[in-house]
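Quick notes on the structure that follows.
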Amino acid sequence: MTLLEARGLRKTFALRSPWLRRAVGSSVALDGVDLDLRAGETLALVGESGSGKTTLGRSLLRLVEPDDGELRFRGEDLRALRPLELRRRRRDLQMVFQDPGASLDPRQRIGDAVFEPLRIHRLAPRADRSSQALRLLAEVGLTAEVLERHPHELSGGQRQRVAIARALATRPALVVADEPVSALDVSIRGQILNLLADRQRELGLALLLIAHDLLLVGRVADRIAVLLRGRIVEEGEAGQVLARPLHPHTRALLAAIPGRQRRARGAGGVVRRGVAVEGWLGGCAHRASCPLATERCGRETPALVESQPGHRVACFRPGEGAPPERDGGGTFALDRRSEGRR
Ligand SMILES: Nc1ncnc2c1ncn2[C@@H]1O[C@H](COP(=O)(O)OP(=O)(O)O)[C@@H](O)[C@H]1O
Ligand code: SF4
Ligand SMILES: [Mg+2]
């Protein structure tokens, strides 16, 4: 069942000069995004820095107002909701941010922080604060020890666990997690990602997992969508996208993962960070670094079309050229079911 449906989402930011106090240009963050999120699934949204992942994640929850496009949650027009209705709907639509330090109030005790969503949505009486907070903290692997502490007294990983407990407190139908592990120490990223994946499965919620590391999130995702300069260029079942990426940009993202450079070189071109959006004249956004680019790629922008059942790609030459090399035993595709969710 489709839970959230986005059609033709667009968002352009004005670039303002701090000195001139006026717009000096614009940056197209979303350039007509169509995306469906199904109930109970994990969709990994990946792309290089500046591709529009954060803007898309926030637009889906109306934390950023899109300029144009449709947004339906359980068939209801989300963009038509008034502020009060939207605040009520927040119970179903939650977000986990990249920096757990910034998303928690430094003066608030952890117990209060975790209980707050239940208080706001009137899901539990104040008298139950401690017991409810303990229950929610236990779900993310924390004990009573942290209840009366402040955020600065916790480690980064513990803070992100608290942020996850807060996001899940109201039992939302959808959680958008924007790079939830990239601000954390490498050694604990796997733990926190697995915690999110486990809670997603147990609660049956839809999770939009935003990341730049395709392999890391691909491992726990049902589907993968790849964003390039505000457009989805590839989308499909996770195992299929990882095993047989059809878009040269997806191949380049896989090649950019440390340790894979040599093996995947030449598979799809290079990932270039921080490419200026201004002055973009159309055509395929990957063409400057695409080994398959032709003259047509500069003239026309490829549409996202189904290339194989359930696998959509926006490229004039999908799947052509040498695919990324696989590990010896063909383990390039990390199958979610056979791998489990360690
Ligand atoms: N508040 C903002 N004001 C101006 N430009 C913005 C703002 N937020 C995002 N952008 C621009 O929109 C584009 C997409 O940004 P973002 O959604 O943050 O990408 P990502 O999360 O993939 O790194 C970038 O070019 C960025 O500079
Ligand atoms: S449309 Fe052309 S430039 Fe773009 S990814 Fe495909 S082959 Fe490369
Ligand atoms: Mg971002």
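In listed order, ligands and their atoms are each counted from 1. Scope of the values below: all heavy atoms of this structure, side chains included, with no hydrogens, waters or symmetry mates.
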What atoms in ligand 2 come closer than 4.0 Å to a heavy atom of [X]?
X	answer
Leu292	7 (S)
Ala293	3 (S)
Pro248	5 (S)
Arg287	3 (S)

For [atom], what is the closest protein heavy atom, and at what distance to 0.1 Å?
atom	answer
atom 5 (S) of ligand 2	His247 CE1, 3.5 Å
atom 2 (Fe) of ligand 2	Cys297 SG, 2.2 Å
atom 1 (S) of ligand 2	Phe316 N, 3.4 Å

Counting N and O atoms only, with roles assigned by atom type, does the side chain of [X] sit under 3.5 Å from a partner on the main chain of [Y], one being a donor and the other an acceptor?
X	Y	value
Gln94	Val175	no
Arg231	Ala285	no
Gln158	Ser155	yes

Any N, O or S atom of Cys284 closer than 2.8 Å to atom 2 (Fe) of ligand 2:
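No N, O or S atom of Cys284 is closer than 2.8 Å to atom 2 (Fe) of ligand 2, so no.
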Does a side-chain N-to-carboxylate-O contact under 4.0 Å join [X] and [Y]?
X	Y	value
Asp112	Arg166	no
Lys11	Asp67	yes
Arg199	Glu202	yes

Please determine which of Glu234, His247, Glu235 meets the side chain to side chain donor-acceptor pair (under 3.5 Å) test together with Arg312.
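Among Glu234, His247, Glu235, the one that satisfies the side chain to side chain donor-acceptor pair (under 3.5 Å) with Arg312 is Glu235.
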Considering both backbone and side-chain atoms of Gly50, is one of its nitrogen or oxygen atoms within less than 3.5 Å of a nitrogen or oxygen in ligand 1?
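Among all N and O atoms of Gly50, at least one is under 3.5 Å from an N or O of ligand 1.
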Identify which of [options] has a heavy atom lying nearest to [atom].
atom	options	result
atom 22 (O) of ligand 1	Glu179, His212, Lys53	Lys53
atom 27 (O) of ligand 1	Ser51, Ser27, Ala14, Ser26	Ser27
atom 15 (O) of ligand 1	Thr12, Val46, Thr55, Leu30	Thr55

So which bit of Cys315 gets within less than 4.0 Å of ligand 2, heavy atoms only: side chain, backbone, both or neither?
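For Cys315, the contact with ligand 2 is made by both the backbone and the side chain.
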Evaluate whether atom CZ of Arg62 has more than 12 neighbouring non-hydrogen atoms of other residues, nucleotides or ligands under 6.0 angstrom away.
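Yes, CZ of Arg62 has more than 12 neighbouring heavy atoms, counting only those of other groups under 6.0 Å.
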Just wondering, are more than 12 heavy atoms of other shown residues or ligands nearer than 6.0 Å to CD in Glu145?
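No, because the 6.0 Å sphere around CD of Glu145 holds 12 heavy atoms or fewer from other groups.
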Consider only side-chain N and O atoms of Gln132 and Arg135, and report whether a donor and an acceptor are under 3.5 Å apart.
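A pair is found: one side chain offers a donor N or O, the other an acceptor, under 3.5 Å apart.
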Would you say that Leu3 contacts Arg74 through its side chain, given a criterion of any heavy-atom pair below 4.5 Å between the two side chains?
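They are in side-chain contact.
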Do Leu208 and Leu4 have side chains that approach each other closer than 4.5 Å (heavy atoms only, starting at C-beta)?
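Answer no - side chains too far apart.
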If you count the atoms of ligand 1 from 1 in the order shown, which ones are under 4.0 Å from a heavy atom of [X]?
X	answer
Gly52	14 (C), 16 (P), 17 (O), 19 (O), 20 (P), 22 (O)
Ala29	12 (O), 13 (C), 14 (C)
Ser49	23 (O)
Glu48	22 (O)

Does the shortest distance from atom 8 (Fe) of ligand 2 to an N/O/S atom of Cys290 fall below 2.8 Å?
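Yes, Cys290 qualifies, because one of its backbone or side-chain N, O or S atoms lies under 2.8 Å.
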Any N/O/S atom, side chain or main chain, of Thr54 closer to the Mg ion (ligand 3) than 2.8 Å?
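Checking Thr54: at least one N, O or S atom is under 2.8 Å.
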